[in-house]
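Model, not experiment: these values are computed from the prediction. We use all heavy atoms of the structure for the numbers below, so side chains are in, but hydrogens, waters and symmetry mates are not.
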Amino acid sequence: MAVILAIELAFDKGWNHLWLESDSFLVIHLLLNKSLRPPWSLHNRWLNCLALTSHMSFRCSHAFRETNSAADAIANLSLQHESLFWWSSCPPQLGKFIFQDACGLPCYRFS
C-alpha cells in the first residue's frame with residue numbers, strides 16, 4: 001500500500017521522474033513484471049498506479065533494509081502518525097542515519 005500511495009502522491013505533485021526503491025522484493029517484482037497481479041483487494045488501485053507510471057520517467061529497484069537506514073528510520077517514525085503525514089523538511093531524528101549513509105558507514109540491525 002505504501003508503494004501505491006507513493007506513486008499516487010508523486011503523480012499528484014507533478015513529479016515526472018520517479019525512482020522508487022523498496023525493501024519489498026515482491027513489490028518490486030510486481031512492478032517489473034506487469035503481467036503479475038497483486039492481491040485482489042488492491043487490484044484496481046494497482047492497475048491505476050501502473051497507468052500513472054506509464055506517464056512518468058519511472059524506475060524501481062530493490063534495496064535491503066540494512067542498506068538504507070534513513071528510510072527504515074522514517075518508516076518507523078511515521079508509525080507515530082495515524083494518517084498520511086508530510087514532512088516539508090528532513091526530521092531531525094534522521095540526521096544520524098543520513099550522515100552514516102552519506103559517509104558510506106554500515107548499519108547493523110543487531111544489538
All N/O donor-acceptor pairs, side-chain side in residues 80-99, below 3.5 Å, sequence neighbours left out:
none

Return the set of residues passing side chain to side chain donor-acceptor pair (under 3.5 Å) with His29 (not counting sequence neighbours), or none when no residue passes.
Asn33
Could you list the residues that satisfy side chain to side chain contact (heavy atoms under 4.5 Å, CB included) with Ala51, not counting sequence neighbours?
none
In terms of heavy-atom contacts, does CZ of Arg37 have more than 12 from other residues, nucleotides or ligands at under 6.0 Å?
yes
Residues which pass side chain to side chain donor-acceptor pair (under 3.5 Å) with Ser61, listed by chain and number, not counting sequence neighbours:
Trp19
Considering only heavy atoms from C-beta outward, does the side chain of Val3 approach that of Leu31 to under 4.5 Å?
yes
Between Ser22 and Ser24, what is the shortest heavy-atom contact and its length?
OG-N, 3.0 Å
Atom OG1 of Thr53 and atom CZ of Arg59: how far apart are they, to the nearest 0.5 Å?
14.0 Å
For His62, ring pair (Phe, Tyr, Trp, His ring centres under 6.0 Å) partners two or more places apart
Phe25, Phe64
Enumerate donor-acceptor pairs with a distance under 3.5 Å from any side-chain N or O in residues 5-15 to protein atoms, sequence neighbours excluded.
| unit_1 | atom_1 | unit_2 | atom_2 | d |
| --- | --- | --- | --- | --- |
| Glu8 | OE1 | Arg45 | NH2 | 2.7 |
| Glu8 | OE2 | Arg45 | NE | 3.0 |

With rounding to the nearest 0.5 Å, note down the distance linking CG in Asn16 to CZ in Phe58.
13.5 Å
Which value, rounded to the nearest 0.5 Å, describes the distance between Cys60 atom SG and Ile28 atom CD1?
4.5 Å
